Amino acid sequence: MADPKGFMTTPREEWPRRPVEERVRDWDEVYVPGALLPIISKQADRCMDCGVPFCHDACPLGNLIPEWNDLVSREDWRAAADRLHATNNFPEFTGRLCPAPCEAGCVLAINQPAVTIKNVECTIADRAWANGLASPRPPERLSGRTVAVIGSGPTGLAAAQQLTRAGHTVAVYEKDDRLGGLMRYGIPAFKMEKHHLERRLGQMRAEGTKFRTSVTVGRDIGAAELRTRYDAVVIATGATAWRELPVPGRELAGIHQAMEYLPLSNRVGEGDLERSPLSAAGRHVVIVGGGDTGADCLGTAVRERAASVTQLDIYAQPGAERDEDIEPWPTYPKIYRLSAAHEEARDLETAPDAHADARLFAASTLRFTGDGSGRVRALHLTEVDAARRPLRGTDRELPADMVLLALGFSGPTAEDGLVDQLGVVMEPRGTIARGAEFATNVPGVFAAGDAARGQSLIVWAIAEGRAVAAAVDRYLTGSSQLPSPISPYDRPMTV
């Protein structure tokens, strides 16, 4: 604890964003480059080095937050990077994409703004790369055992890196033409530029991990064949089965799933397309779904120069402060948050018929109507109460010649045949069943990440990858020195 009074003398200061008018003209990250370093040591000083640091429990990775806060306050970047990478394979990802449940669990947050843990984490990760402190760590010797990891999202990559460093020969199979899963084709570049992903993949290649892209297991290679070829298989395909909206008019043209829309804009950024075939340019866009994926669609549509953009959230607008009776500290509270995309929509006034930040809260879709040629023309909605029951007399219509459904995901898709070919048992909710050691009912086959847990946060995905790697290592060798931060049954802190 470098400054015992830091939490009393230093106010919270976050990474500043670039001006809205500037950043919506490009796809670069929204934050001011280099603006964190001058302030971050003082921000780390605000950490109280608590005797019982609840930020540990709030983070499924068990990040050693007070330790690296103290090291950053002293500007000992090498030691801070060592502490950070001891529990997190990809802190540059979580430092940009995680909603920071650790900050909700910060003891200072009981009655003051929390320590900027996420910003400190991101700074350490970026400094580690800049100072050559993230060099590859290939194993000293090989075990002679082989592992196939299906899926290259954060779970698959974390599992692959841990198992490679343990000495196993690991091959990652990815159905897309590029690696990264949702980090590649789901997350827009304005939230995380892709060079962060490429840099980490280069480290993994140097360590010995093999990658096989454009290979759909179950179609391009039989799942049973893969099982016989490798000593163990890890299913980390993510939850890609999107939820539908079964209302009249859903069949109309112009209504798309978010994950049909977002990958195309990312492919434009990769140089594959000159223009997205689902561009929102000049269209009146309505996004159904109030979560992060909906916000990603919002920021993307704004950059594509949509005529208007409105986002529907079925929940009532939350308050600005934590409700201690319902969501007491240190749980992650549902409060009003203004993401970069919502800030842009507010300042640009993209949705004159909605809340200032483009969101319509407590709104439920009734039906869609078309223009006579089979294309969507309007979305009809109603306000709802806390039980999602329609409120009489609140029906209204929004112009919509493009609708994006961002309603979340239930589990892995079944179309590729992977689940059926392996014969793994599924849970009633659509995820892969597994036991205490992340093992499925099929010997040697393990399941981790959203495919088994269900839709969750990136920090949970990485924790799952690290934990399943330890389980696979034990299966192959009888014991393991790899860390296992969570069990398959752990869940975020709730009341």
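Quick caveat, the model's predicted, so the values are computed rather than measured. The first residue in the sequence is number 1, and the count goes up from there.
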How long is the span from the [atom1] atom in [X] to the [atom2] atom in [Y], to the nearest 0.5 Å?
| X | Y | atom1 | atom2 | result |
| --- | --- | --- | --- | --- |
| Met426 | Asp420 | CE | CG | 9.0 Å |
| Arg389 | Leu391 | CZ | CG | 9.0 Å |
| Leu312 | Leu379 | CG | CG | 6.0 Å |
| Cys122 | Arg127 | SG | CZ | 13.0 Å |
| Thr123 | Gln43 | OG1 | CD | 10.0 Å |
| Leu157 | Phe211 | CG | CZ | 6.0 Å |

Residues Arg12 and Glu14 bridged, charged N to O under 4.0 Å: yes

Around [X], counting heavy atoms of other residues, nucleotides and ligands shown, do more than 12 lie under 6.0 Å from its [atom1]?
| X | atom1 | value |
| --- | --- | --- |
| Lys191 | NZ | yes |
| Glu349 | CD | no |
| Asp292 | CG | no |
| Glu324 | CD | yes |
| Arg491 | CZ | yes |

Ile187 backbone acceptor or donor facing Asp296 side chain under 3.5 Å: no

Main-chain N/O of His342 paired to Ser339 side chain as donor or acceptor, under 3.5 Å: yes

Criterion side-chain contact (heavy atoms from CB on, under 4.5 Å) on His196 and Glu29, from CA distance to verdict: CA-CA 11 Å; His196 299 293; Glu29 288 180 12; 3.0 Å; yes

Salt bridge (charged side-chain N to carboxylate O under 4.0 Å, His left out) between Arg453 and Glu464, worked out: CA-CA 9 Å; Arg453 174 171 291 275; Glu464 286 256 340; 2.6 Å; yes

Could you tell me if [Y] and [X] have a donor-acceptor pair between their side chains, going purely by distance under 3.5 Å?
| X | Y | answer |
| --- | --- | --- |
| Thr216 | Asp416 | no |
| Thr10 | Arg46 | no |
| Asp177 | Tyr185 | yes |
| Glu174 | Ser152 | yes |

Evaluation steps, salt bridge (charged side-chain N to carboxylate O under 4.0 Å, His left out), between Arg23 and Glu343: CA-CA 11 Å; Arg23 70 188 194 235; Glu343 181 184 49; 2.6 Å; yes

Cation over ring face, Arg250 and Phe368, 6.0 Å, 45°: no

Phe446 six-ring centre to Arg434 NZ/CZ under 6.0 Å and within 45° of normal: no

Candidate pair Asp371 and Arg377, rule salt bridge (charged side-chain N to carboxylate O under 4.0 Å, His left out), full reasoning: CA-CA 5 Å; Asp371 60 3; Arg377 177 192 61 81; over 6 Å; no

Taking the side chain as everything from C-beta on, heavy atoms only, tell me whether [X] gets closer than 4.5 Å to [Y].
| X | Y | result |
| --- | --- | --- |
| Val233 | Val217 | no |
| Leu182 | Met259 | yes |
| Ile124 | Trp68 | yes |
| Cys55 | Asn63 | no |
| Leu262 | Thr300 | yes |
| Asn88 | Thr94 | yes |
| Arg199 | Lys194 | no |
| Glu304 | Ser265 | yes |

side-chain contact (heavy atoms from CB on, under 4.5 Å) between Val403 and Val288, intermediate numbers included: CA-CA 7 Å; Val403 176; Val288 183; 4.0 Å; yes

Chi angles and distances behind the side-chain hydrogen bond (donor to acceptor under 3.5 Å, both in side chains) call for His380, Thr365: CA-CA 6 Å; His380 301 261; Thr365 304; over 6 Å; no

Check: Trp15 ring centre within less than 6.0 Å of Tyr31 ring centre: yes

Working for side-chain hydrogen bond (donor to acceptor under 3.5 Å, both in side chains), residues Asp357 and Tyr336: CA-CA 11 Å; Asp357 62 9; Tyr336 178 78; 2.6 Å; yes

For Pro492, side-chain contact (heavy atoms from CB on, under 4.5 Å) partners two or more places apart: Trp460

Check against salt bridge (charged side-chain N to carboxylate O under 4.0 Å, His left out), Arg178 and Asp176: CA-CA 5 Å; Arg178 292 184 179 89; Asp176 287 325; over 6 Å; no

Gln203: side-chain hydrogen bond (donor to acceptor under 3.5 Å, both in side chains) partners, not counting sequence neighbours: Gln161, Arg200

Arg184 vs Asn266, side-chain hydrogen bond (donor to acceptor under 3.5 Å, both in side chains): CA-CA, chis, key distance, verdict: CA-CA 7 Å; Arg184 174 73 68 179; Asn266 276 299; over 6 Å; no

